[in-house]
Amino acid sequence: MSKRKARDAHLPVGECISQVQEILRKRLCNQQLPDRPEGVEAQHKHLLELLKRTAVHGESNSVLIVGPRGAGKTMLLKCVLRDLLMEKEAQKNLLQVHLNGLLQTDDRIALQEMTRQLHLENVVGDKVFGSFAENLNFLLEALKKGDRSSSRPVLFVLDEFDLFAHHKNQTLLYNLFDVSQSAQAPVAVVGVTCRLDVLELLEKRVKSRFSHRQIHVLSNPTFRQYLERVQTQLSLQPGDLPDDKFAQHWNVSIKTLCEDKSVEEALQRHYNSSKDFRSNHMLLMLCLSRVSVAKPAIKPADLLEASRMCFIDAEANMLHGLSILELCLIIAMKHLNDLYEGEPFNLQMVHNEFKKFLQRKSNSMYNFEQPVIMKAFEHLQQLEMIRPVDSSTAKTQREYQLMRLMLDHTQVMEALQKYPQCPTDVKQWAMSAFG
Amino acid sequence: MSALLQHPGYEEERLQTVAKQLPCREVQAGMLLSLMGQPHQYSYPSIFIYGHQSSGKSHVLHVLLKELELPHATVSCVECVSVALLFEQVLLSFFGCVAASLLPRSPSLSDFVRIYRQQSSQSPAKQTRYIVMEKAELLRDSNANLLPALLRLQELVEDNVSVILLSEIVWDRFRPNTGCFEPLLLHFPDYSKGELQHILAQDRNPSYSDEFYSAYINILLGVFYSVCRDLRELRHLAALNFSKFCEPLAEGKVKETDTHKLWRNIEPHLKKAMQTVYLREVSSLQWEKMQQMEEKENGALRGLSAHTHVELPYYSKFLLIAAYLASFNPARTDKRFFVKHHGKIKKTNFLKKNEKTSNHLLGPKPFPLDRLLAIFYSVVDSRVAPTASIFSQISSLVTLQLLTQVSHSEQLDAPKYKCAVSMDFICAISRTVNFEIIKYLYDFL
Amino acid sequence: MKYFTRLRVRRVYKWRGEPISFNRKLKTCEYASLDISVEGLPRVTVIETGQHILIEGEDEDNPYVAKVIRLYGDENGKQKKVVVQWFARVSEVPLSKLKLLGREPHPQEIFYYQGRSCDDEVNAESILRPVKVQRLDGAAPFPDSEDQDTLYVKLSWDSKSFKGVDSAQVDSDLSPDCSSCPPPYSRSSFPPSTPCSPPAATPASQGPAWRALPTPDLDIMRRAAIGEVRNYQATMSAGKPRLAEAESMHSATKRSASKCLSAKRRNPSARTPGIRKKLELSSPEKRSVIAEDLNQLLDEDSESELMLAQRLSSSPPLAVMLKHSLTPPRKNLKPSVLLNKMCLSEINSSPSSDHSTSPQQGELVMDEVLPNIFVRTPRRRNATPKKPTRGQKATTPSTKRQLQTLKEPALEMLAEVDNESSPFVAVTATPRSSKRKSAQLVSSRIRKQLNLLDKQDLNSDGEDEDEFVPSKKELQSSSEDDDDVEKEAGLDSDEEVVVKKGRHTAAGSRTSRSKQRTHTSTRTPRRTPNKKFTPGTPRTPHHATPSIPCRLRPAQQPANVLEEARLRLHVSSVPESLPCREQEFQDIYSFVESKVVDGTGGCMYISGVPGTGKTATVHEVMRCLQHATDVDEIPPFHFIEINGMKMTDPHQAYVQILQKLTGQKATADHAAALLEKRFSNPAPRKQSTVLLVDELDLLWTRKQNVMYNLFDWPTRRNARLVVLTIANTMDLPERIMINRVASRLGLTRLSFQPYSFKQLQQIITSRLNKVKAFEEDALQLASRKVAALSGDARRCLDICRRATEICEHSAADTGLVGMSDVMDALNEMFSSAYITAIKCVSVQEQLFLRAIIAEFRRLGLEEATFQQVFVQHQALCRVEGLQPVSVSEGLAVCQRLGACRLLLLEPSRLGVLQRVRLNVSQDDVLYALKAD
């Protein structure tokens, strides 16, 4: 029926689909900001108030936004900034400096970046002149010159805040916080981090200068909310699409999708595993990617397939691709683990185990020369399925180097079940309690 | 099959050519394509593709990006010994050499992102830009921030860019300790036997018929598939052994159809190949030579490792043997083995208690110098004085890495050694001085 | 403060007269002279060709010296350019080259610059003021006059070697103004490095006359000076009784005892306003009184003006007065005419004659000037901050210093009177005792104020009605002295603005001790990166100034009581005084003061946990000491502050100290050498230096040479260096210092105890004095909690601030912060987020935590591998009836928990082998999991 609806729409269905794709991709991939942050209204208010006071009253502040990955910290901050800049008052005055702990990996780089973004006078083009020391003094001077009422407030956003705490002496943090606590140019220092223990990272004098404001972004939606979120994420706002018919139809199909029992189960499983936006987005993105002209709607099957992809065990996939020999070696290792309570093993032992198996009951497998085994062994090591106990390879010969198996037994067994045309005796061997 | 490769964003014939170049990878290609979406649409910030060697990861991507003429930069992390190279390559392939030249001497991530932003703001992307990182597992070893930064590059540079990581290691082993932007995981399954057959059969020698060649491939896989599923390896081996396979045909002994004869003819060669070429103990060139050589005297085929033995001075051989004995026999058994004129010995002493694991599994044990010498004097028949020459030979054995010195080199009195040669090697040696070592090995009593 | 002047006062540059010639090709017209006037001041300064001028540079203490060759601009008068002949100061010659000189250069020596390295064309806007330059021939000794203001040329300097100057051309340069009179009384207390400290009113008021002299004639000038002083003294002594009277009635106007005290402490400062007040009271008919008060005032004015004159006008204050007297402010073009008329008259008049005339001139001005005092006063206010003295004397620009600027003239005179051994001495008590007093006064003031707070019946006076005008309160920043003065001085509006600004800027630059780099390049179009500025190459008048652009919309004032309270509670807002630190204050004060007074050196180690007011107390002490110096109770001294955290590496300490001391820039090693020299070899009239080293532990190096030097210098015989070091840990010296360093640091230790809850409470109350925003018990709760935890005042203030916010948003809007609000704030700040976090994590993650605990229980360890935990996890899944998770998912869950540090994990590449540890106590986990 979807086909028919689409056909008598104004736009050719391909058009609509590609537009839908575009809109939704913006949401899912580009983390497009929602109109209002969901679930974190209180935090939004708090932060907005705080920054407003800096922008308008010139009151210095410092705050940390803490929350697990993908809980919407950055989203919150961006929303606040967007709303803040709505006001002329703020937008006219506020200077912004955005730093990211991933990029500004030490204070020298960070200082250069700050100077650049503030357009201080020792910046020409995008070159920052002067040594590290000079830059620091220059910036401090600049901030010192300012005062509450007359100089523009500066907003420092430190993403991945915890990484800044690892800089030498925490000089940057000390100075930023010091400025925020002394009557100089008004600043607001906003740190964003996912580490709950971030305060323990700060040196005590730095800590003392930080006004212990923490805004926790711990989104805790119920499953219902989660479902709604999925629906809103996928459905189109009126006006997104020129072709209302299609839009309506699309939304209807999404609605039906979300009401589907199997879908609900799948989503429940996702909800159980993680509640954050990002993983959700990934799932939906996978579904979306399966929408095409051929089938212009997300079917339950798609979502199930997508969630299967999300939950599949990567290691099992890799095991699936091993050669029989390598698989046998792994089984041998498994047995060794069982035998010696997870004591590390070396190639000789594994080979020995393997040979035992061959002697006892093998019609399918025949023995390989040591070097061949060795090669297989090394391949496993390359795949990081086994790992040397100590990395000192120099002293000991390879065949005597101690290794550990980095697979869980459940994984091995599952892999065996799935393994294409796996010889039965090998299966049995794997099953058997002791090699 | 090519039905999978339909996408509004691109022309049909392009997709056709792509499909042609990607046998047995249509599914993955289609999936990728649908993830990438139309050129102007946003793609997922980072995609992590994992799969075994030569399961066509980089090939698929390369073909897609090239054929569809999408802006992309392909970086192999093996080549990038320093991040500077990586940055340069990306900037170069996106914005040309001018941008690349903007990078300072030793660029930081910050510099890279800054320059990228500049450039992308000057020339905004009409199409999604793709950065393909091959051998991504090496990113873990370089700068700790590099991987997380790349994963959220789209957000950092505010450009429609998507980073695709290729690796044969699963994502779980990548996650930084404080987490990061989770990429979208995509698995490239290995080729099934049928697929391998299909692909290998494609590069057949025009002078022979299809069936013949596929029969050959079949035989080849029969031998190697259980050991190796690496397409590249198999290709190589196939090419190498094909001539051998055809020989009886050339001699006119058999017909193309008589696969059984052909099989009996080729099988030993393939077995040998597995122990030599496959292990890279000889280069394929040497392998060719060995083939010819064996044409003349068709000696029993022995693995290469068998006829590896170095020429050693007489006493050195004994030293080595002594070392081997010292490191694989428990010290308490020396008396039983090497004391020349012991009176009557109680049987009980020789009964070796059955330990769980033999010494040959646990590997060589270190031993002090004097023990080595003691054993040495007892095994060597003629009387030798402990001259400097002996000691110098020990040290030369160490330099040959037949012995390894385990104790610290500054510890001059009582240095400890370990024998670092394999069983069959020492057997070969002892055979040359006709000394049957097995009798002296505790494990083989 | 400089910032503020830059903002407030702009110089206006005008061509005077018609262009002499017009250059067709370059489209430039050449002019004879240039007018420099200051906005709001009718006074005009004239720069003619051939004159010597000061040009602003990076170091405001010694700006560049040059001689005007040509003045020209483009025809539409947009661009004003000056072609100059440069002179190099000693400080500008690189030290290595300075050796070539073969002798100790005279502080006021300058060199005729022949190097072609720098362009001799500068923007007219960078001209500061004219300066007197005198040529001596090579043999002649430097005149040992104390005049800081004349510069001497002996040699020429071409950036390689010194040569004798060919007298002809330099003389020709110098002829116009090569002569000046050494002012008889400018005291030795001025540091040698100050070329432009205020000289007396008299000589300069004679300025024009001598400028007219064709050739220098020193002894004539001396006689002139003497004569001058005499009649000057006359006027002074006339002024005296009035002074005393003014004083008395001024103090009479005081109401609260506390104010009385504080006033006595700085009676001289209060004097000026006192008089002015009186003046305003007195109606014009009481001529006799006024006349004398006027002398008084005028002299002050003339001085303060003269200081301006030094700074930005070459026009002699006498001329100015004339101008004022003759022309009420409305006339703007007249003065200039007048001025050169006068110059002319003086030029053709003979020296002797104008010695005789000058006094009368002085007199006749006195009474003519009467009408426009009131016009003049505001100008004087906002002019004063520009006084060059501030530059190097005011090492701590607090508002008190700002105030100083107002009373300075009076002080000058008193001091002078002392020199002239007049019977009447302003400051009566013997220095020592009085200083003690002043120190104690601070504490007493605090006590007063506090118990004044306690008994809520405020004997209502002018004080608290303006306490409650919000607009006033936000500028209630630094010292209530200002309020007194304000009230007495009966502020007219713009004055108030000035003071306000003054305070802000003072507040703004409280921490700033370095007064380098004050001149802005906002006027100069092109910037030059400060990297280029090495001491060797002084010829870049333009200079990158660190500054944050100023806001386009004004900051809003606090609207209600809560916002007001929040403002006062912000850590940054400077309290009037530091309560609860009286003892420490006393100790530090007496320590530093004694050292400064007997010119010795010493070290002091101050320790205490963060937020116990160490640095603040020291600053307070410094403010008081500075004040003391200003009223000449103790000799003046430099105050320098460095902070270990504010430098990139310990050796930067040298650089910063040197820069703040002399304004030189140098590499660390070079700076170390210079300082070594400075502190080790004796120099006459050297001021003592007080060096505050904050965050001392950061200066630790492996060889500890930085610390060693810092503590070693004070021990030198004539270093006159006092080092105050601050760090957090009490036993730092024992822990990190090697013996020779520790022993030099000595045993003068002072440790700040964490605040008790009473003290904290006191601090808050004193901060929001009489702003009723908190319930008593709310305050007590906050302070008790903090005292229990850390005793960190910052924490306490932050909590209170947060509480006000919460109160604002709370539904029950009793404009008063109650217990509940404080409670919430406390919870926000001190409760760890772990438990809430655990409550919020997903089901699987909670399961995993359970699994961990189960596994720990099983193993009896606090650590397990993922593999082990995973088994438990699977089991739990089955129990809970959930689909068992795959290993990948399990790892994902585990590492998500690790990412937010609920768990501690090994690197993820260990896969299932990585070991897992809890970062929270098991009980917390169980509690959190049980809760839902």
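Because the structure is a prediction, the values reported are computed rather than measured. Throughout, a chain's letter reflects where its sequence line sits, starting with A, and its residues are numbered from 1.
C/H570 NE2 to A/Q181 CD: the interatomic distance, rounded to the nearest 0.5 Å, is 6.5 Å. Separation of atoms OG (C/S573) and CZ (A/R148) is listed at 10.0 Å; rounding is to 0.5 Å. Interatomic distance, A/L218 CG to C/I838 CD1, rounded to the nearest 0.5 Å: 11.0 Å. In this structure, C/T648 OG1 and A/L111 CG are separated by 9.5 Å, a value rounded to the nearest 0.5 Å. Note that CD of C/Q652 and CD of A/E134 are 8.5 Å apart. Values are rounded to the nearest 0.5 Å.
Counting heavy-atom pairs closer than 4.5 Å to chain A, the top-ranked of the candidates C/G644, C/G611, C/A833 is C/A833. The candidate from C/R896, C/E845, C/R909, C/Q874 with the greatest count of non-hydrogen atom pairs under 4.5 Å with chain A is C/R896. With respect to chain A, the highest number of heavy-atom pairs below 4.5 Å among C/L847, C/N728, C/V912 belongs to C/N728. Comparing C/E828, C/E695, C/Q883 by how many heavy-atom pairs each has under 4.5 Å with chain A, the most go to C/E695. Comparing C/L698, C/N919, C/L797, C/V871 by how many heavy-atom pairs each has under 4.5 Å with chain A, the most go to C/L698. Note on C/L910, C/V893, C/T836: by heavy-atom pairs under 4.5 Å with chain A, the leading option is C/L910. Top candidate by heavy-atom pairs under 4.5 Å with chain C, chosen from A/T171, A/I312, A/T410, A/D197, is A/D197. Interface check for chain C: of the options A/E384, A/K45, A/M406, the most heavy-atom pairs under 4.5 Å are formed by A/M406.
There is no contact between C/L897 and chain A, counting heavy-atom distances below 4.5 Å. For C/M647, the part lying near chain A is the backbone, with the side chain staying farther off; criterion is any non-hydrogen pair under 4.5 Å. Contacts between A/L140 and chain C at a heavy-atom distance below 4.5 Å involve the side chain alone, from C-beta outward. For A/L405, the part sitting under 4.5 Å from any heavy atom of chain C is the backbone (N, CA, C, O) and nothing else. Neither the backbone nor the side chain of A/Q268 comes within less than 4.5 Å of any heavy atom in chain C. With a 4.5 Å cut-off on non-hydrogen atoms, A/S180 touches chain C through its backbone but not through its side chain. Residue A/V198 does not touch chain C at all, counting heavy-atom pairs closer than 4.5 Å. Contact annotation for A/D276: only side-chain heavy atoms (C-beta onward) come within less than 4.5 Å of a heavy atom of chain C. Both the backbone and the side chain of A/F132 have a heavy atom closer than 4.5 Å to some heavy atom of chain C. For C/V841, the part lying under 4.5 angstrom from a heavy atom of chain A is the backbone only. In this structure, chain A has a heavy atom under 4.5 Å from the side chain of C/L882, while its backbone stays farther away. Contacts of A/R205 with chain C are made by both backbone and side-chain atoms, with heavy-atom separations under 4.5 Å. Neither the backbone nor the side chain of C/S790 has a heavy atom closer than 4.5 Å to any heavy atom of chain A. Heavy-atom distances place the side chain of C/E563, and not its backbone, under 4.5 Å from chain A. Only the backbone of A/L407 comes within contact range of chain C, judged by heavy atoms closer than 4.5 Å. With a threshold of 4.5 angstrom between heavy atoms, C/F870 approaches chain A through side-chain atoms but not through N, CA, C or O. Within the 4.5 angstrom heavy-atom criterion, only side-chain atoms of A/L136, from C-beta onward, approach chain C. Proximity to chain C (any heavy atom under 4.5 Å) is shown, for A/A316, by neither the backbone nor the side chain. Looking at A/E203, the atoms closer than 4.5 Å to chain C (heavy atoms on both sides) all sit in the side chain, from C-beta outward.
Taking all atoms of both residues into account, the shortest heavy-atom contact from C/S572 to A/A183 is CB-N, 3.3 Å. Minimum interatomic distance between C/P884 and A/R269 (heavy atoms only, all atoms of both residues): O-NH2, 3.9 Å. Between A/N220 and C/K839 the shortest heavy-atom distance is ND2-O, 4.1 Å. Closest approach of C/S842 to A/S274, counting heavy atoms only: CB-CA, 3.7 Å. Residues A/N175 and C/K646 come closest through the heavy atom pair OD1-CG, 3.0 Å. Considering every non-hydrogen atom in both A/S273 and C/E889, the closest pair reads CB-OE2, 3.2 Å.
Two residues are said to be in side-chain contact when any heavy atoms from C-beta on lie closer than 4.5 Å; C/Q895 and A/R69 fail this criterion. The shortest side-chain heavy-atom distance between A/H57 and C/L567 does not fall under the 4.5 Å cut-off. For the pair A/Q411/C/V887, a side-chain contact is recorded, criterion being any heavy-atom separation below 4.5 Å from C-beta on. Proximity of A/R53 to C/R566: side-chain heavy atoms (C-beta onward) are separated by under 4.5 Å at one or more points. Looking at heavy atoms from C-beta onward, C/Q656 lies in side-chain contact with A/N137 at the 4.5 angstrom threshold.
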| field | Test salt bridge (charged side-chain N to carboxylate O under 4.0 Å, His left out) applied to A/E59 and C/R801, step by step | value | CA-CA 11 Å; A/E59 170 184 326; C/R801 265 177 67 222; 2.7 Å; yes

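Defined by atom type and a distance below 3.5 Å, a donor-acceptor pair is present between the side-chain atoms of C/Q867 and A/D408.
Under 4.0 Å is where a charged nitrogen must lie from a carboxylate oxygen, and between C/E805 and A/R213 at least one such pair does.
Side-chain N or O atoms of A/K168 include none that pairs as donor or acceptor with a backbone N or O of C/D649 at under 3.5 Å. Under the 3.5 Å distance criterion, the side-chain polar atoms of A/H212 are left unmatched by any main-chain donor or acceptor of C/R795. No side-chain donor-acceptor contact under 3.5 Å links A/S211 to the backbone of C/D798. At least one donor-acceptor pair under 3.5 Å links the side chain of C/S886 to the backbone N or O of A/F311.
Few gaps surround NZ on A/K204; more than 12 heavy atoms of other groups in view lie less than 6.0 Å from it.
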